[in-house]
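The figures here come from the full heavy-atom set of this structure, side chains too, leaving out hydrogens, waters and symmetry mates. Proteins get letters first, then strands, A, B, ... in listed order; numbering begins at 1 in each.
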2 protein chains.
Amino acid sequence: MIDTAGLRVMRAIAEAGSFTAAAHALGYSQPAISQMVRRLEDRTGTVLVERVGRSVRLTEAGQVLARHAGPVLAALDAAEEEVAAIAGLRSGRVRLMAFPSASATLVPRALALVKRTYPGVSITFTEAEPPESLAALRAGTCDLAVAFTYNGTDLGRGEQDVDLFEVTPLIDDDVRLVVPRDHPLAEAGGRGLVADLSALTDETWIAGCPRCRGHLLQVCRDAGFAPDVAYETEDYVAVMGLIAEGLGIALVPDLILRTVHHPDVSVLAVNPPSRRRIQAVTTPDLHRVPAVKATLDALLESAAAQPRPVRTGSTG
Amino acid sequence: MIDTAGLRVMRAIAEAGSFTAAAHALGYSQPAISQMVRRLEDRTGTVLVERVGRSVRLTEAGQVLARHAGPVLAALDAAEEEVAAIAGLRSGRVRLMAFPSASATLVPRALALVKRTYPGVSITFTEAEPPESLAALRAGTCDLAVAFTYNGTDLGRGEQDVDLFEVTPLIDDDVRLVVPRDHPLAEAGGRGLVADLSALTDETWIAGCPRCRGHLLQVCRDAGFAPDVAYETEDYVAVMGLIAEGLGIALVPDLILRTVHHPDVSVLAVNPPSRRRIQAVTTPDLHRVPAVKATLDALLESAAAQPRPVRTGSTG
DNA sequence: GGGTTTCGATAAGCGAGAGTTATACCCTGG
DNA sequence: CCAGGGTATAACTCTCGCTTATCGAAACCC
């Protein structure tokens with residue numbers, strides 16, 4: 001019934017004291033004010049303005065509207081400002097989820113970058129494996145997920161997700177073979193070692209996270225055998241310890257080897273090569289939210305600044 | 001930038017959970033909501049709604065708008081309700097001014113009538129002679145004035161006031177001649193006495209209020225003489241006392257004689273007859289204000305219920 | 001797994017609201 | 001009495017916003 005334009009007009013009339021002055025203040029022509037007051041009076045069924053000689057004066061009802069105009073318009077401006085702050089990256093909240101090994105350097109560096117560039121944007125960060133983070137994305141409890149996919153396999157929930165999600169590649173992460181330092185494969189040569197998967201039929205294996213384990217099974221099947229998986233742990237420090245003690249060997253993403261070192265293991269390239277793709281995942285809508293976009297850009301920048309892959313050979 | 005319609009829509013979406021449901025709730029079609037959200041997003045430059053599969057979900061910015069919608073719309077509804085209360089006579093304020101002798105019965109009865117019919121309407125009443133009350137009307141400190149005019153003369157400020165003001169006749173008030181009970185004119189007969197003004201050339205006169213005095217001078221000049229005005233007072237009780245003591249005679253409006261009595265005076269009709277017209281005066285704008293209109297109607301009703309003029313002869 | 005239902009986006013079209021210019025009328029002040 | 005400033009009105013135009021119709025896609029159900 002009464003809209004913000006009406007309130008604005010009534011307030012302007014109260015302040016300016018005449019239709020003409022109010023029109024100038026609001027950037028309207030004088031008849032526009034005259035007609036708008038008339039419309040308001042028709043709608044409210046009451047006289048709002050007393051036309052007295054050369055000037056005008058608000059009636060009681062008109063004063064009521066003019067009096068309410070201040071608070072209402074102020075509250076509306078506050079709402080607009082709040083939205084503008086989000087749009088202008090002076091404010092905003094991003095709920096970020098990433099799998100544990102991305103948390104090491106990729107995510108912290110991106111978080112620092114955003115915090116430095118847009119101090120008003122707050123990012124909440126939760127560790128989660130890809131299936132969970134994508135589920136959160138679907139459920140609306142996450143805005144941006146850092147996930148990974150091994151070559152060929154999807155993100156973990158079906159092919160249709162390619163349409164549903166907005167996927168941005170961050171880093172291609174080569175998968176390495178980690179063996180004890182005194183393993184025959186490691187001793188065959190110094191640097192630049194490459195191990196054929198097909199030569200690892202009789203090894204004992206250590207598997208990482210569930211999806212990594214799935215990848216291990218996949219590549220082994222492609223190589224024509226089923227691996228003997230004796231240990232499973234998501235803790236790659238433990239994986240390295242197991243390997244160093246000669247209890248098995250493992251496929252470990254390069255990104256992890258950059259932060260988890262062990263003096264008694266050796267790193268080898270794998271043949272056929274295998275890699276996982278680390279990517280930022282969000283929805284097309286959220287991708288257009290400034291704070292989310294800024295965080296994604298920071299992730300890209302952070303990814304570009306990552307050090308080169310570790311050289312094969314002994315680590316530590 | 002953001003109007004009330006936008007807030008209403010965002011709130012409806014937040015509550016209903018879908019565009020279609022929000023459209024039904026607001027009485028719009030579904031595309032209307034879709035377009036309105038799109039407009040809002042264009043204007044704010046931010047994504048407000050996340051389209052996820054079949055349903056929609058508000059983004060942070062969308063939630064901001066939805067959250068602000070409540071208070072803003074509530075304040076706006078409050079303003080509308082306040083105006084509606086004034087329009088519906090559940091509220092309202094009337095600043096009434098009347099000359100003293102109208103205050104006796106005409107005004108109190110009208111006030112009581114309004115108070116009974118519209119308890120929410122409050123009337124503030126100030127005594128004022130016509131020139132002042134009309135000035136207040138012009139100045140905006142009065143909404144309704146009860147004034148009077150003697151036959152022919154205007155309201156006191158020039159002929160243009162006929163156009164400027166909205167004048168409603170209430171009562172025609174005959175002017176009487178009041179003389180001491182033992183005055184020769186009173187003794188000439190019992191009831192139904194009529195005094196020729198031209199026979200009062202040598203009397204001593206008592207004048208009332210300034211305008212009444214003006215009227216006295218006017219009618220005497222019309223009758224061909226200048227009255228000997230020995231006393232002036234606006235207090236008609238004093239006038240009657242003066243007359244009773246034989247200190248002079250006076251022209252007194254009938255309306256006053258209905259409330260001010262004295263045993264020792266006689267009331268006579270005057271020839272040529274003279275009367276003052278009591279009328280309610282307001283502006284065309286204020287005349288359309290419900291509370292003012294109601295008060296004016298009450299004055300009319302009160303006037304119609306006034307007792308018949310006092311009979312000539314002795315009062316008390 | 002396929003059909004059905006439901007929901008959102010889009011296109012086209014139209015109607016009304018709202019603003020502009022031009023002009024008349026009126027009050028006010030010198 | 002005249003000039004200046006202010007409002008109301010008329011006529012015109014245009015843009016905004018709603019509606020109907022239709023499509024595409026996702027979810028639900030058998």
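- If you take OH of Tyr28(A) and P of dG6(D), they are 20 Å apart, rounded to a whole angstrom.
- Taking side-chain N and O atoms only, Ser29(B) has a distance below 4.0 Å to OP1 or OP2 of dT19(D).
- Per the geometry, NE2 belonging to His24(B) stands 11 Å off P belonging to dT19(D), to the nearest Å.
- Arg138(A) has its side chain within reach of Phe165(A): a pair of non-hydrogen atoms, C-beta onward, lies under 4.5 Å apart.
- Taking atom CG of Asp42(B) as the reference point, atom C1' of dC16(D) lies 14 Å away to the nearest angstrom.
- Distance Glu50(A) CD to dC27(C) P: 15 Å, rounded to the nearest Å.
- Under the rule for a side-chain contact (heavy atoms from CB on, under 4.5 Å), the partners of Phe99(B) that lie at least two apart in sequence or sit in another chain are Ser101(B), Ala102(B), Glu129(B), Pro130(B), Val146(B), Phe148(B), Arg276(B), Ile278(B).
- The stretch residues 26-52 of chain A participates, sequence neighbours left out, in these side chain to side chain donor-acceptor pair (under 3.5 Å) pairs: Glu41(A)-Arg51(A), Glu50(A)-Arg57(A).
- Taking atom CG of residue Asp3(A) and atom P of nucleotide dA16(C), one finds them 19 Å apart after rounding to whole Å.
- Within 6.0 Å of the NE2 atom in His24(A), the count of heavy atoms belonging to other residues, nucleotides or ligands does not exceed 12.
- The CE atom of Met36(A) sits 15 Å away from the C1' atom of dA16(C) (whole-angstrom rounding).
- In this entry the distance linking CZ of Arg39(A) with P of dT7(D) reads 17 Å, nearest Å.
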**Q.** Per-nucleotide protein contact string for nucleotides 5-13 of chain C, where B marks a base within reach and S marks sugar-phosphate only (heavy atoms under 4.0 Å, - for neither)
**A.** BBSBBBB--
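- Residue Asp285(B) contributes atom CG, which lies 14 Å from atom C1' of dC27(C) at whole-angstrom precision.
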